[in-house]
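Below: one structure, written as structure tokens.
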Amino acid sequence: MSDAAAISKAATDPAETRTIDHELALLLTGRCRRCAEPLFDGRVFLGNPCPNCGEPTSASLAERQHLAALFADHLTRSVWIVAGAMTAATLVAGWFPLLASVLLGFSLLWVRRRI
């Protein structure tokens, strides 16, 4: 079954939708959709196969677009959560300027590592 056919079938079959969503969730976290091993070097967005099992990471354009949308949504939520936490932490740590600087430095490192 081709990927386009699988995606169209997923629109009508809830079990198939969960399977495809699970595979894309694995890809979203940087893991192979078949063996769940970590993928490095941007393999998820380049469509390169998994070095362990040879499974294509993203075989179709529709899956890549869906994965990019999931990734953007996940990243947006993460950044807002961290921004809120850092705002609260900075407010609490405002009594100690050095502590606020350290907290801000850790948040910037976290954002840099995620991007």
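One-based numbering along the sequence shown. It should be emphasised that the depicted structure is a prediction, and the values quoted were computed from it without experimental measurement.
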remark   = When rounded to the nearest 0.5 Å, the distance separating SG of Cys50 from CZ of Arg34 is 8.5 Å

key: Where Pro49 and Gly54 come nearest, the two heavy atoms and their spacing   = CB-O, 3.6 Å

message = On a heavy-atom basis, which atom in Arg31 and which in Pro38 lie closest, and how many Å separate them?
response = NH1-CD, 3.4 Å

ask   = Looking only at heavy atoms, what is the nearest atom pair of Cys32 and Leu26, with distance?
value = O-CD1, 3.7 Å

remark   = Value for CE (Met86) from CG (Leu104), rounded to nearest 0.5 Å, stands at 6.0 Å

task = Not counting sequence neighbours, list each pair that qualifies as a salt bridge (Lys or Arg N to Asp or Glu O under 4.0 Å) and has a residue in residues 89-103.
result = none

ask   = Shared ILVMFWY cluster between Val111 and Leu103, side chains joined below 4.5 angstrom?
value = yes

